[in-house]
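Step one of this worksheet: look at the structure below.
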Amino acid sequence: MEYDFRAIEQKWQEYWRKQGIYKTDIDPRKPKFYVLDMFPYPSGAGLHVGHPLGYIASDIYSRYKRLKGFNVLHPMGYDAYGLPAEQYAIQTGQHPALTTRNNIERYREQLDKIGFSYDWDREIRTCEPEYYKWTQWAFIRMFESYFDTQEQKAKPIAALVAKFEKSGSENINAAATQELKFTAAEWKAKTEKEQQELLLNYRIAYLADLKVNWCPALGTVLANDEVSEGLSIRGGHPVEQKIMRQWSLRVSAYAQRLLDGLDLLDWTESLKETQRNWIGRSEGAEMKFHFAQGCPAAEKCPAGFDVFTTRPDTIYGVTFMVLAPESPLVQICSTPQQASEVEAYLEAVKKRTERERIADRRVTGVFSGSYAINPISGTEIPVWISDYVLAGYGTGAIMAVPAHDSRDFAFSKHFDLPIIPLIEGADVSEESFDAKEGIMINSGFLNGLSVKEAIVKTKEYISREGIGQVKINYRLRDAIFSRQRYWGEPFPVYYKDGMPYIIDEKQLPLELPEIDKFLPTETGEPPLGRAKDWTYSSADNAAIYPLELNTMPGFAGSSAYYLRYMDPKNDRALVGKEANEYWRNVDLYIGGTEHATGHLIYSRFWNKFLFDLGYVCEEEPFRKLINQGMIQGRSNFVYRIQGSNTFVSLNLKDQYETTPIHVDVNIVSNDVLDIEKFRNWNPEYKQAEFILEDGKYICGWAIEKMSKSMFNVVNPDDIVDKYGADTLRLYEMFLGPLEQSKPWDTNGIDGVHRFLKRFWGLFFEGDKLSLSDDAPTAEELKTLHKTIKKIEKDIESFSFNTSVSAFMICVNELHALKCNKRSILEALSILLAAFAPHIAEETYHLLGHTRGSVCNAPWPVYNEEFLKESSLTYPISFNGKVRFTLDLPADMLPKDIEKVALTNEQSQKYLEGKTPRKIIVVPGKIVNIVL
RNA sequence: GCCCGGAUGGUGGAAUGGUAGACACGAAGGACUUAAAAUCCUUUGGCCUCACGGCUGUGCGGGUUCAAGUCCCGCUUCGGGUACCA
């Protein structure tokens with residue numbers, strides 16, 4: 001009987017849907033298991049074969065856990081807000097909601113064909129009001145909260161206001177944008193507007209003037225993780241720095257907790273390391289410098305200024321100071337003599353885009369004219385201004401130690417500033433010595449100490465003397481949360497007297513209004529400025545206020561989506577208590593590495609915040625995380641002879657001057673070009689001529705990113721049409737280790753398909769179902785139980801490629817044994833159900849289970865007994881080289897094995913009459929005779 | 001520059017320190033067939049040998065060990081991430 005995968009797959013997909021097989025509910029009698037895929041952004045291009053890789057892996061794991069008796073939550077949804085739909089809307093006028101809906105439908109169709117076990121009743125779309133109501137709600141909670149640095153947790157802003165009223169800014173321990181000092185009386189004397197402005201300094205969701213990544217081409221600001229090397233990740237447009245009033249989330253307050261939390265997570269070390277670097281904790285000291293007597297700056301700023309350093313031990317080597325061009329100190333420092341030079345420099349810096357700055361590492365800077373005093377050595381040192389110091393990190397001012405910092409070194413060389421070596425034996429004539437090791441010299445009271453000792457001693461000294469304090473800095477910045485875009489969540493915010501206020505929570509969701517064009521207004525306001533009646537009325541209707549015109553960024557909707565899946569229909573809470581306490585958090589999260597510093601930081605932050613307020617019961621959202629590798633494209637090339645329309649086959653191309661041209665991989669099979677299809681592919685090639693080898697046109701190939709422009713996109717539907725979903729699922733897994741990146745290469749898919757046919761063949765004799773009820777033989781049982789053991793171990797360790805091999809070995813062995821025993825095939829069907837659910841369901845029913853589903857079958861119990869061998873094959877090696885093997889009884893003692901091995905006639909040849917110096921017998925493994 | 005991964009046949013890949021190359025693709029040969037497809041069987045790291053068998057072999061160079069693809073040290077190289085973060 002032929003394996004008719006089309007009929008089988010269609011039949012069971014329909015059955016599962018009708019029976020609601022994948023519907024999940026809270027069941028206190030069963031242990032829960034939550035398996036989550038990073039939900040996709042539904043792009044217009046649809047899914048390519050790379051997307052389902054992770055989904056297949058998580059589906060196998062979900063099905064396995066379910067067969068093992070767990071109550072598995074395995075949902076799917078769409079990250080539906082985003083720039084591409086809006087860009088498309090700008091170009092075509094098509095509403096992004098419509099494009100998004102169409103794309104989602106297409107995604108759903110593609111996903112359905114692969115036979116996933118998602119509970120679609122729990123589907124969420126981030127652009128639906130029922131969903132984004134809770135994104136807005138969370139924003140309100142953040143607006144209404146501040147972060148207590150003492151207790152390291154979020155608290156209601158009302159508690160902070162109470163402190164202000166009692167004792168002003170004294171001992172408030174609140175994470176803040178700026179450190180402010182005021183008394184209770186001063187607070188009370190402020191107008192409401194002033195109070196509101198001041199509170200923004202502490203709110204977790206706050207509005208502030210910030211230096212942002214402005215992308216003119218996209219017309220919006222971008223978060224740090226949305227920019228790479230001065231270009232936007234989406235679209236690759238240049239990004240520049242600009243000061244704008246923007247919503248931000250005080251993620252930086254959570255830096256330490258985000259760092260500490262990593263230790264408890266079952267994530268790969270490299271991913272945790274990426275997050276640690278992104279958080280960038282550095283321990284050092286903040287030290288106060290004063291301006292030198294006689295400098296105008298000394299009068300303007302008698303309090304001096306702070307610098308942050310991780311190397312307080314190098315204080316005696318400070319030969320100049322550097323300020324960031326954006327630092328407010330720049331104005332204070334510039335002397336009249338230097339004013340014009342400073343001004344010119346600031347202008348030049350302002351003109352450079354972020355990208356130019358990165359690309360062009362020239363040393364630039366200007367002397368301010370002022371001098372500072374080294375607080376420990378008392379030396380007078382010049383204050384410079386340079387863009388190698390960043391305003392956003394530390395205090396925006398540094399003490400430069402050219403001998404032991406490569407950036408300071410480059411600067412001092414360029415401007416010919418002195419370099420004082422501080423470490424014994426360090427040669428700093430050519431480059432700085434940056435390592436934190438060695439013995440201190442030229443350093444007053446630190447001389448003779450090791451660097452580490454000197455760091456500790458300097459910290460003690462400066463704290464004691466009141467020069468400075470020990471300080472921890474983080475690289476992690478607050479997340480900019482405004483986008484000057486249409487297609488995103490509206491902020492539940494209105495403005496009164498220029499100050500933001502939250503709309504009444506009962507009015508959530510605040511729905512995205514319709515607009516006529518998806519472009520900024522003529523006056524340069526965001527697209528929402530075009531909406532009619534985009535206003536908010538006070539409760540008594542006495543006043544009408546304008547609503548916020550920005551929308552939220554892409555990561556807003558994806559930060560807590562995993563919570564919503566637990567309780568997707570709840571209209572009273574993001575997630576109900578019962579559902580949250582049952583499902584708790586994600587046990588297994590599978591997705592790409594590209595979210596390492598964006599989504600995976602934001603959602604950890606978001607979750608910790610909700611945890612602080614008592615809305616969720618787990619502090620970390622994703623217990624175990626696996627990054628699936630990328631599926632790269634395998635592009636094909638044809639070689640056109642230059643200046644002609646003639647194409648030459650790969651192995652003959654070197655005889656001509658050729659240009660390689662990408663050719664659609666879908667008209668190439670095993671690197672052989674379908675010439676007819678090629679001619680029809682593009683009118684330009686209608687008349688193409690070919691120089692063939694062996695009557696075929698062989699294409700060249702290369703591994704590249706899978707993308708439309710490379711013509712190497714392979715669509716899962718095409719594979720499903722040709723081979724079936726089960727083959728696709730198995731083949732994607734068979735390709736190699738899940739976490740490794742690998743090219744999609746269809747060569748080899750036949751092997752997997754053949755395996756399924758062989759498995760199918762075990763059930764039939766000709767066209768007739770043929771199953772035996774006889775007891776299985778020892779050999780059959782051994783094959784089965786070996787397989788159970790291997791599959792279980794491989795699934796647990798996410799080694800799905802080797803489990804597919806194990807299935808192949810099993811079927812090959814059963815085939816050789818001509819096994820058609822019901823009990824063996826039944827167990828095997830259940831094992832296979834996690835990987836190839838359609839064929840497994842069919843065979844399970846063929847075996848007589850006419851009612852239920854293989855999805856709910858009990859996982860076969862592995863029995864060690866069947867694997868016991870009466871004899872073992874020992875490799876006998878001489879000096880580590882295996883020469884022959886011996887079959888010996890399994891229970892033979894090592895000393896007897898030794899005897900048998902030595903007296904064996906084959907051994908005589910290798911012993912060459914010598915007496916062995918040593919004999920190693922590893923029971924069950926090997927014998928090594930050392931001569 | 002820094003931080004993570006890798007490097008094994010023609011290809012994808014497998015191997016708790018214990019017979020390297022499982023499983024699959026491809027290739028070659030054979031069976032079945034009028035023929036093809038499908039299916040089945042055999043061979044397949046390299047070199048030497050009719051064969052038995054031997055030598056060699058996991059990016060390179062050292063080391064530890066009875067035994068190293070696996071552990072340690074030093075390189076080469078290819079990916080990925082990140083970067084004036086003081």
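Both backbone and side-chain heavy atoms feed into the values below; hydrogens, waters and symmetry mates do not. Just so we're on the same page: letters track the sequence lines, and every chain starts at 1. Given the structure is predicted, the values throughout are model-derived calculations rather than measurements.
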If you take all heavy atoms of A:Y874 and A:I926, which pair is closest and at what distance? CD2-N, 3.9 Å
Taking atom P in both B:G59 and B:A20, compute the distance separating them and give it to the nearest angstrom. 16 Å
Is the distance between the ring centroids of A:H815 and A:F759 less than 6.0 Å? no
Between A:E431 and A:K413, is the closest basic N to carboxylate O distance under 4.0 Å? no
Counting heavy atoms from C-beta on, name the nucleotide in B:A38, B:C84, B:A14 closest to the side chain of A:K757. B:A38
Within a 6.0 Å radius of atom NZ on A:K782, are there more than 12 heavy atoms belonging to other residues, nucleotides or ligands? no
Reading nucleotides 42-49 of chain B from 5' to 3' and marking B where a protein heavy atom lies under 4.0 Å of the base, S where only the sugar-phosphate is that close, and - otherwise, the string is --------
Rounded to the nearest angstrom, tell me the gap between atom NZ in A:K272 and atom C1' in B:G5. 17 Å
If you look at every strand shown and take non-hydrogen atoms under 4.0 Å, does A:R883 touch a base, only sugar-phosphate, or nothing? sugar-phosphate
Reckon A:N801 has a side-chain N or O less than 4.0 Å from the OP1 or OP2 of B:C23? no
Please determine which of A:E864, A:E869, A:E813 meets the salt bridge (charged side-chain N to carboxylate O under 4.0 Å, His left out) test together with A:K786. A:E813
Looking at the side chain of A:R758, which of B:C41, B:G26, B:A22 is the nearest nucleotide? B:C41
Donor-acceptor pair present, A:N928 side chain and B:C66 base, under 3.5 Å: yes
Using heavy atoms to find the nearest nucleotide of RNA chain B for A:I398 and A:T274 separately, return the residue whose nucleotide is more 5′. A:T274
Just call it for A:Y910: base, sugar-phosphate, or nothing, with non-hydrogen atoms closer than 4.0 Å on any strand. sugar-phosphate
Quantified in whole Å, what is the C1' atom distance between nucleotide B:G17 and nucleotide B:C72? 13 Å
Members of residues 916-925 of chain A that approach RNA chain B, where some heavy atom sits under 4.0 Å away: A:K918, A:I920, A:V922, A:K925
Taking a pair as Watson-Crick or G-U wobble with both distances under 3.5 Å, which nucleotide is matched to B:C60? B:G74
A:H815 or A:N879: which one's nearest nucleotide on RNA chain B is closer to the 5' end? A:H815
B:A86, OP1 or OP2 - any side-chain N/O from A:Y474 closer than 4.0 Å? no
Assign B:G81 to syn or anti; the rule is syn for a glycosidic angle within 90° of 0 and anti otherwise. anti
Can a side chain N or O of A:K793 be found less than 4.0 Å away from OP1 or OP2 on B:U16? no
Quick check on the 6.0 Å ring-centre criterion: do A:Y731 and A:W744 meet it? yes
What's the closest nucleotide to the A:E273 side chain, out of B:A86, B:U19, B:C3? B:C3
Counter-base of B:A27, judged by Watson-Crick or G-U geometry with both distances under 3.5 Å: B:U43
Per atom distances to the A:R477 side chain, the nearest of B:U19, B:U82, B:C85 is B:C85
Pairwise C1' distance for B:C73 and B:C66, with rounding to whole Å: 23 Å
Quick one: is A:Q632 getting a side-chain N or O under 4.0 Å of the B:G79 phosphate, OP1 or OP2? no
Please classify the nucleic acid contact of A:D408 as base, sugar-phosphate, or nothing, using heavy-atom distances under 4.0 Å. nothing
What does A:F734 touch in the nucleic acid at a heavy-atom separation under 4.0 angstrom: a base, only the sugar-phosphate, or nothing? base
Under-4.0 Å side-chain N/O to phosphate OP1/OP2 contact, A:N277 with B:C85: no
